[in-house]
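Here is the structure we will look at, set down as structure tokens.
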Amino acid sequence: MARRMKKNIVTVTPSASLFEAHARMREHTVRQIPVVSGDGVLVGIVSDRDIRAAVLPAGLVPGFTAEAAEKFMKSTPVERVMTRKVVTATLTDTLEDAIVLLHDFRMNALPVVDAAGKVVGIITRTDVLEAFIDALGVGEVSSRLEVVVPDRPGTLAQLAAIIGSFHVNITSVLSTRHVEAGKRANFFRVATLNIGPIRKAIEEAGFKILDPSQFLLP
Amino acid sequence: MKRVAWIYHPDYLLHTPPFEHPESPERLVAINDHLGKAGLIERMVPVTPEYPEDADILSVHDREYLNRLETACRRGDLTLDSEDTYINRHSYNIALLSAGGAIAGAKAVAEGTVDRAFCAVRPPGHHAGRSVGMGFCLLNNAAIAARYLQARHGVGKVLIVDWDVHHGNGTQNIFLEDPTVFYFSIHEHPTFLYPGTGRRWEIGKGKGEGTTLNTPMAPGAGDAEYRTTFEQTLEPAVERFRPEVILVSAGFDAHRDDPLADLQVTDEGFRFMTRHVVGLADRFCGGKIVSILEGGYETSSLTSCIEIHVRELLDE
């Protein structure tokens with residue numbers, strides 16, 4: 001978590017106005033800001049959606065103007081609209097924990113707090129996507145291979161050995177269940193243009209290479 | 001019949017792989033044989049490439065990279081930067097001569113001694129970046145030719161049509177922020193094929209935003225999808241850009257028989273693409289086309305497609 005979270009966090013105090021919180025969100029291009037007390041302890045979180053929801057009912061009043069909206073935002077403290085029960089992550093949580101938390105609690109961001117409850121970072125869905133892009137090897141110069149293997153120990157090692165025999169680096173590996181029972185699908189990204197001989201060797205070893213055109217069928 | 005320059009040099013065969021490799025001198029031997037037997041070489045204008053001047057190479061590549069390439073070749077290294085990109089003792093010189101071939105084609109077309117040019121060069125170029133060799137490429141021949149035309153012949157805007165099945169990441173990067181060189185690429189989708197770039201939203205940066213155009217093709221795509229892309233995506237872009245010369249990064253590995261990719265383009269697809277680009281060149285830039293060989297690794301389809309390509313260029 002400590003490695004993937006953003007450490008340069010923007011915070012506001014509970015007494016800050018909605019106007020100030022909104023300005024900070026725009027300035028730092030973030031959608032939510034942890035709310036902290038004077039000693040840095042997390043007391044809530046406020047999102048741009050919370051602010052919009054607070055202003056909206058006032059907007060229904062006849063004669064409500066842009067100036068009135070600004071006045072409303074300047075006179076309303078963050079603590080009136082913030083979420084007080086915040087789902088947080090700790091420094092000892094793993095990235096996997098963060099993914100599950102974001103998914104299960106349908107959150108966009110998790111403040112990361114230390115043992116004293118102080119905010120030390122924030123991790124968002126974007127940070128998690130970035131980790132996935134890295135793990136999938138997207139953007140690295142490489143070719144992709146998709147191999148279906150029987151679901152038994154040792155097959156991944158066998159494939160890795162075949163690829164290794166071509167003096168080619170594997171830049172990413174992903175292994176998942178295959179639609180067919182008793183099979184797994186292994187995805188490799190390998191740092192070569194010359195993928196033909198590797199495909200051939202894998203097929204000669206008795207494995208099935210998935211035809212890429214099969215992936216795009218509905 | 002149009003006058004078409006035939007750029008070739010026997011020394012191109014000196015860049016030989018130290019291990020079994022699809023980008024081998026046999027590709028050019030086969031092309032030479034095939035075009036000779038078809039009686040096409042005698043109908044073209046032979047042009048012998050020369051070693052380029054430093055300035056023409058340095059307009060694209062860093063001095064440090066050239067030094068590194070030269071040293072690696074002299075030292076007897078087997079590969080450069082990545083394991084799939086081999087070199088031998090001749091490779092530095094032959095890479096220069098390959099770029100010289102693209103320059104010779106550009107020169108003949110710019111000076112009007114020919115109408116069009118086909119440069120049967122190797123090693124190929126479109127993966128080579130400013131300071132990195134990869135994907136069998138050492139120097140970026142097409143990029144060097146584009147810069148040569150601008151520097152030596154007063155050409156303003158150049159269009160590069162790259163129909164090699166792999167995305168020309170090197171060429172794209174070199175001209176990413178340059179509004180004077182339009183880079184168009186049609187290639188197999190980066191999720192499935194090397195080098196993993198060329199997604200549809202890669203459109204250039206800064207001043208070059210809008211002069212990069214990528215059209216990734218799903219595995220299994222063929223002539224029909226290529227035709228639609230050329231007519232509906234490339235053509236309007238060319239109408240807006242108004243190039244003065246068209247360079248073609250002509251790879252023939254999108255062919256259904258090629259072992260390195262998953263597309264289904266046929267001989268007729270390459271006839272269509274050549275004819276279409278010839279039409280664009282006739283409309284916008286006085287017919288000026290310089291076609292530079294990139295990939296294509298299955299001898300039979302490579303030679304038959306190049307025969308078609310050359311026949312279309314000859315306009316016979």
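Here is the naming used below: chain letters follow the sequence lines, and residue numbers restart at 1 for every chain.
Within 6.0 Å of CZ on F64(A) lie more than 12 heavy atoms contributed by other residues, nucleotides or ligands. For R200(B), the CZ atom is loosely surrounded, since the number of other residues' heavy atoms within 6.0 Å does not exceed 12. More than 12 heavy atoms of other shown residues, nucleotides or ligands fall within 6.0 angstrom of atom NE2 in H28(A). By the neighbour-count criterion of 12 heavy atoms within 6.0 Å, atom CZ of F19(B) is densely surrounded, having more than that number from other residues, nucleotides or ligands.
When atom types are taken as modelled, the side chain of N194(A) and the backbone of D84(B) share no donor-acceptor pair closer than 3.5 angstrom.
Heavy-atom distances place the side chain of H127(B), and not its backbone, under 4.5 Å from chain A. Proximity to chain B is absent for every atom of V190(A), based on heavy atoms less than 4.5 angstrom apart.
Contact check for H167(A) versus L78(B): no side-chain heavy atoms found under the 4.5 Å cut-off.
For the side chain to side chain contact (heavy atoms under 4.5 Å, CB included) test with P212(A), the passing option among T191(B), L193(B), D262(B) is D262(B); the others fail.
Taking the ring pair (Phe, Tyr, Trp, His ring centres under 6.0 Å) definition, one finds that Y297(B) meets it with F136(B), sequence neighbours left out. Residues forming a ring pair (Phe, Tyr, Trp, His ring centres under 6.0 Å) with F188(A) (at least two apart in sequence, or on another chain): none.
Rounding to the nearest 0.5 Å places CG of L260(B) at 8.5 Å from CD1 of I195(A). For the atom pair CG (N169(A)) and CD (E83(B)), the distance works out to 7.5 Å, reported to the nearest 0.5 Å. In this structure, CD on E188(B) lies 9.5 Å from OG on S143(A), to the nearest 0.5 angstrom.
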